[in-house]
Amino acid sequence: MLRRPRWTRRPSTSASCRPSSPPSRTPPRRPSPTIRPGWRLPASPRSSGERRSAPKRNGSPPREVLVGVWSAPGWARPTSGHRTSGFGPRSSQCGNGYCSTSYHYGVDLSGGCGAGIYAAAAGTVVYAGYNGGYGNYIKIDHGGGIGTGYAHIRPGGFYVGYGQRVNAGDLIGSEGNTGNAFGCNLHFEAYVNGSPVNPIPFLADRGVSI
């Protein structure tokens, strides 16, 4: 009597019996930084800011200036352009109905009519309006007895107001020739305990060249 051969059953290859794939090892996403209202992350000096070439001095090649960008201690150059007048005694000049003082309590930086004016450091705007020979003027209190002033702002060139909080490098105005000015420029002053000091070494000590 012949017997039927036994057939060996093959293992099932259905999806339910296939080994499961290894779990994904995708690293978790890092949460994005929280930015509070009115704050902004500091700009990178290599990727942002306004670049302009200052004119030659004593035959040296033009140097590139970067304004509106934080320096290492949190200070920024207040505008572009070269320095046209320094701090201290100077010859008095007369224009249309007025003469300049014989002592200059700040420095003049000429970036051109409408050039941006930037907050030199974080602080609170304590004055924004017309101020006699300063013309349109902004003063910022940085705390600790330190302040800065920005004069000759063009008509309609205020971008901040009284009581507003600003950061270093924030655009606060634009250059003009209001008040006792001879052409468009920024008259920049620095104050220590209410008294004006030479802004050139003042900013140099904070990593900014003007």
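Predicted, not measured: the structure shown is a model, and the values here were computed from it. Side chains are part of it too, since the values below use all heavy atoms of this structure and drop only hydrogens, waters and symmetry mates.
When all heavy atoms of Ala190 and Pro199 are compared, the pair lying nearest together is N-CG, 4.1 Å. Between Ala120 and Ala168, the closest heavy-atom pair is O-CB, 4.1 Å. Residues Leu186 and Pro78 share a closest heavy-atom pair of CD2-CB, 4.0 Å. Residue Asp141 comes nearest to Ile146 through the heavy atom pair OD1-O, 3.4 Å, listed as atom of the first residue, atom of the second, then distance. Here the closest heavy-atom approach between residue Tyr159 and residue Ser174 is recorded as OH-OG, 3.5 Å. Taking every heavy atom of both residues into account, Thr84 and Ser110 meet most closely at CG2-CB, 3.6 Å.
From Ser80, atom OG reaches atom CD1 of Ile210 across 13.0 Å, with rounding to the nearest 0.5 Å. In this structure, NE2 on His82 lies 10.5 Å from CG on Asp108, to the nearest 0.5 angstrom. To the nearest 0.5 Å, atoms OH (Tyr118) and CZ (Phe188) are separated by 14.5 Å. Rounded to the nearest 0.5 angstrom, Arg77 CZ and Ser209 OG are separated by 6.5 Å.
Across Tyr105, Tyr137, Tyr150, Tyr134, a single residue satisfies ring pair (Phe, Tyr, Trp, His ring centres under 6.0 Å) together with His187, and that is Tyr134. Checking Val166, Ile172, Asn131 one by one against Ile138, the side-chain contact (heavy atoms from CB on, under 4.5 Å) holds for a single residue, Ile172.
Residues Val125 and Tyr191 are members of separate hydrophobic clusters, defined by side-chain heavy-atom contacts under 4.5 angstrom among Ile, Leu, Val, Met, Phe, Trp and Tyr. Hydrophobic cluster membership is shared by Val192 and Val208, with clusters built from Ile, Leu, Val, Met, Phe, Trp and Tyr side chains linked at under 4.5 angstrom. Connection of Phe158 to Val160 is established within a shared hydrophobic cluster, with ILVMFWY side chains joined at heavy-atom distances below 4.5 Å, either directly or through further cluster members.
Judged purely by atom type and a 3.5 angstrom limit, Arg154 has no side-chain atom pairing as donor or acceptor with the backbone of Gly114. At distances below 3.5 Å, not a single donor-acceptor pair connects side-chain atoms of Arg206 with backbone N or O atoms of Gly74. Thr178 places a side-chain N or O within donor-acceptor distance of the main-chain N or O of Ile153, the cut-off being under 3.5 Å. In this structure a side-chain-to-backbone donor-acceptor pair under 3.5 Å is missing from His142 to Gly147. In terms of modelled atom types and a separation under 3.5 Å, the side chain of Thr79 and the main chain of Gly116 share a donor-acceptor contact.
In Tyr130, the OH atom is crowded: over 12 heavy atoms of neighbouring residues, nucleotides or ligands sit closer than 6.0 Å.
Side-chain contact between Thr148 and Trp75 is present, with at least one heavy-atom pair separated by less than 4.5 Å.
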